[in-house]
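Every number for a ligand or one of its atoms is a count from 1 in the order of the listing.
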Amino acid sequence: MGSTSRFQICCIGAGYVGGPTMAIIAKKCPTIDVTVVDISQRRIDAWNSEADLPIYEPGLKEAVMNTRGKNLFFSTDIDGAIEKAHMIFVAVNTPTKKDGLGAGRAADLTYWELAARRIAKVAKSPKIIVEKSTVPIKTAEAILTVLNASGKTRFQVLSNPEFLAEGTAVRDLESPDRILIGGNLKDEDGTAAVEKLVDIYSHWVPRERIITTNVWSSELSKLVANFFLAQRVSSINAVSALCESSGADVDEVSTAVGLDSRIGSKFLKASVGFGGSCFQKDILNLVYLSESMGLKDIAEYFHWVVKMNDLQKERFVSRIIHGLFNTVTGKRIAILGFAFKKDTGDTRESAAISVCQRLVDERAHLDIYDPKVEESQIWQDISTASKMDRLELEKLIHISSSPYGAAQGSHALVVCTEWDEFQDLDFEKILSIMEKPAFIFDGRNILNHEYLRKLGFVVYAIGKPLDPRLNVV
Ligand SMILES: NC(=O)c1ccc[n+]([C@@H]2O[C@H](COP(=O)([O-])OP(=O)(O)OC[C@H]3O[C@@H](n4cnc5c(N)ncnc54)[C@H](O)[C@@H]3O)[C@@H](O)[C@H]2O)c1
Ligand SMILES: O=c1ccn([C@@H]2O[C@H](COP(=O)(O)OP(=O)(O)O[C@H]3O[C@H](CO)[C@@H](O)[C@H](O)[C@H]3O)[C@@H](O)[C@H]2O)c(=O)[nH]1
């Protein structure tokens, strides 16, 4: 490990945020030593391996390989890394609570608190703690209370939410729209801590893109940013239902609407529904916060973004069932894509999970293909979502290593993830190996629907004028 006379950063949590964020800090700041620690030996071994890293992100492997062993280290020696660090990022998971008070809505801060208690126990010299995980407003304040209770040394807690999106993590980290740092700017030590973190980001981020606020604004801004993004997806998905009923085309509508510079064109792509570990969790967190502050109507307003997403997934499944003449029992359906978006192997809250679970409930036979998601992950996700046991599921589900394998003998192709490679498939070949009539349900609007119809497919696409050959109710 690096010399202790250099500035030392520790990051607790070697996940989708901790790993890539620290790799970029190490790359951009060669004079700083960065140690990423985790309780999972398996994850740390994977970060240290020569083969695949534990997560897939374009450009990540190069960034890690160029710095690992020089000023970037992955370790399970959490106490050792805490002890020598000047600054400690906490990037542990903060999932939605499963049980107890606020279950299904509030953030579960168990991992965060455990990390804070570890720091309090081990730290002997002053530390700057950087809250990287997404947390409810006032978490930093609670954490400071835990830390200060040890009475051994001084701590500053900063909020520095992460805005990277999966699939583009390296690009987002190298060229962020903004860096947000919340700290106690009324206090000299607080201001100095904020300045230290500003210094680090200034190695590669223009100063005007680094903004500082009070801690609460920073914590809340992260939740609100995700609400605004998810709200746009739910809004365009609501419009997609209207388009299907009226003959309008959702892509034409979103282009026309998005050209208004006050609205903008991003996050207006209708889909089977948003997924990912953040949107639903963070909005439910806002719902819970609003409810606990007595703001019932505000909570309901936030909640509709998640409810609309659930409706969209269900609407898509209904289109498949009705399209296949009101029953999918015993029919073979090829699922193309299982990740929650392209260019990631992450499946957390992926719309594909809900779609597969619903189709399996109807006793359809699924053949699933995804270029990056591990087979074991698909089994784990469907087993968790379904009421059926593994033996029953194995009779209904097969996982293929190619899209053609999945399509063989199927009645329908269902696109759940917008992987680029799906646009380049040989659809003539696919048509020839499918049952007839052959159906395509494009949950991402990425295929050339007119061409596919000319070939002979019956095509359903989100928010598009309905194919006259499609059975609808
Ligand atoms: N995934 C994203 O794209 C993204 C983007 C922005 C913000 N966030 C937020 O960042 C946080 C982390 O998300 P993630 O996707 O990286 O989660 P993750 O599950 O991929 O990684 C979290 C890691 O923390 C480790 N961990 C948990 N408790 C620990 C402890 N006490 N000591 C050491 N290690 C511990 C876990 O083993 C795990 O490897 C969450 O709050 C999330 O909301 C995520
Ligand atoms: O027009 C769109 C845009 C996105 N999506 C879907 O929305 C989900 C989320 O996509 P995206 O936001 O690109 O990925 P995430 O990695 O979940 O990133 C979000 O969540 C992160 C975790 O908080 C934040 O850091 C990011 O800023 C925020 O974009 C995915 O299922 C997308 O397919 C759509 O359906 N239509």
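In this structure, Lys127 is not positioned above the aromatic face of Phe155 in the sense of NZ or CZ being under 6.0 Å from the six-membered ring centre and within 45° of the axis. Geometrically, Lys196 engages Phe7 in a cation-pi contact defined by less than 6.0 Å to the ring centre and at most 45° from the axis.
Short contacts between ligand 1 and Glu162, defined as distances under 4.0 Å to a heavy atom of the residue, involve ligand atoms 6 (C), 7 (C). Every atom of ligand 1 with a heavy atom of Ala91 under 4.0 Å away is listed here by number and element: 12 (C), 22 (C). Ligand-side atoms of ligand 1 in range of Ser277: 1 (N), range being under 4.0 angstrom from any heavy atom.
With a heavy-atom cut-off of 4.0 Å, Arg348 touches ligand 1 through its side chain alone. Using a 4.0 Å cut-off between heavy atoms, Ile55 makes no contact with ligand 1 at all.
Note: Phe316 and Tyr460 have tilted aromatic rings, judged against thresholds of 30 and 60 degrees for the angle between ring planes. Ring geometry for Phe439 versus Phe441: interplanar angle under 30°, hence parallel rather than tilted (30 to 60°).
Among protein heavy atoms, atom 42 (C) of ligand 1 sits closest to Lys281 NZ, 3.8 Å. Scanning the protein for heavy atoms near atom 9 (C) of ligand 1, the closest one is Thr134 OG1, 3.4 Å. At the shortest separation from atom 8 (N) of ligand 1 among protein heavy atoms lies Val17 CG2, 3.4 Å. The single protein non-hydrogen atom nearest to atom 18 (P) of ligand 1 is Arg43 NH1, 3.6 Å, given as residue, atom name and distance. Of all protein heavy atoms, the one lying nearest to atom 32 (N) of ligand 1 is Ile12 CG2, 3.4 Å.
With Glu57 contributing its side chain and Ala169 its backbone, the two residues share a donor-acceptor pair below 3.5 Å.
The shortest heavy-atom contact between Lys372 and Asp370 is N-OD1, 2.8 Å.
Heavy atoms from other residues, nucleotides or ligands lying under 6.0 Å from CH2 of Trp216 number 12 at most. For NZ of Lys121, the number of neighbouring non-hydrogen atoms (other residues, nucleotides, ligands) closer than 6.0 Å is 12 at most.
Residue-level contacts of ligand 2 at the 4.0 Å heavy-atom threshold are Glu162, Phe163, Leu164, Ala165, Glu166, Lys222, Asn226, Leu229, Val233, Phe267, Leu268, Lys269, Ser271, Phe274, Gly275, Cys278, Phe279, Asp282, Phe340, Lys341, Arg444.
When the options Ile382, Val414, Val373 are evaluated for a side chain to side chain contact (heavy atoms under 4.5 Å, CB included) with Ile368, the one that passes is Ile382.
Counted by atom type alone, Ser235 and Gln231 present one or more donor-acceptor pairs between their side chains at under 3.5 Å. Side-chain contact annotation: Thr96 with Lys98, donor-acceptor N/O pair under 3.5 Å absent.
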